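Following: one structure in structure tokens, then a few remarks.
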Amino acid sequence: GGGGAGGGRGRGVAVGADGFVYATRDNGVVSRAPVGGGAATTFATIGGGGTLAGLAFAPGGDLFVASNSAGAVYRVTPGGGVSTYATGVG
């Protein structure tokens, strides 16, 4: 189902201070599009992320993404670098 950058269905949405809207997909992809509208692009791919759910920004600009299927929370830096923040949360 779905479409846009990365395919899959959307799960969570957050607006960043950088002027982009971020959305999780059910295939481990985080997409972003300009707040004013425009085409979505892939911002980060979370390996093993599976079905991504909610996301939230930290004050420093890092994006935290929850994965239902992996039972983990991932940290995505403003540059798109991905690391595991916590496991055993789902």
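All values derive from a computational prediction rather than experimental measurement. Residue numbers start at 1 and run along the sequence shown.
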Say you draw a straight line from CG of Asn68 to CG of Leu52; how long is it, rounded to the nearest 0.5 Å?
8.5 Å

All pairs passing salt bridge (Lys or Arg N to Asp or Glu O under 4.0 Å) where residues 68-81 contributes a residue, at least two apart
Asp62-Arg75

Inter- and intrachain pairs under salt bridge (Lys or Arg N to Asp or Glu O under 4.0 Å), touching residues 34-44, at least two apart:
none

side-chain contact (heavy atoms from CB on, under 4.5 Å) with Leu63: which of Val76, Thr24, Thr77?
Val76

What's the shortest heavy-atom distance between Gly61 and Pro78, and which atoms?
O-CG, 3.7 Å

side-chain contact (heavy atoms from CB on, under 4.5 Å) with Val73: which residues, sequence neighbours excluded?
Phe64, Tyr85, Ala86, Val89

May I have the step-by-step check of side-chain contact (heavy atoms from CB on, under 4.5 Å) for Thr45 and Val82, ending in yes or no?
CA-CA 8 Å; Thr45 301; Val82 178; over 6 Å; no

If you measure from OH on Tyr74 to OG1 on Thr87, what distance do you get to the nearest 0.5 Å?
9.0 Å

Within the structure provided, determine whether Thr41 and Arg32 are in side-chain contact (heavy-atom separation under 4.5 Å).
yes

Among all residues two or more places apart in sequence or in another chain, which pass the side-chain contact (heavy atoms from CB on, under 4.5 Å) test with Ala33?
Ala40

With sequence neighbours excluded, what pairs up with Phe43 under the ring pair (Phe, Tyr, Trp, His ring centres under 6.0 Å) test?
Tyr22

Grab the two heavy atoms, one from Leu55 and one from Ala23, that are nearest each other, plus how far apart they are.
CD2-C, 4.2 Å

Taking side-chain contact (heavy atoms from CB on, under 4.5 Å) as the test, write out the residues that go with Ala56, two or more places apart.
none

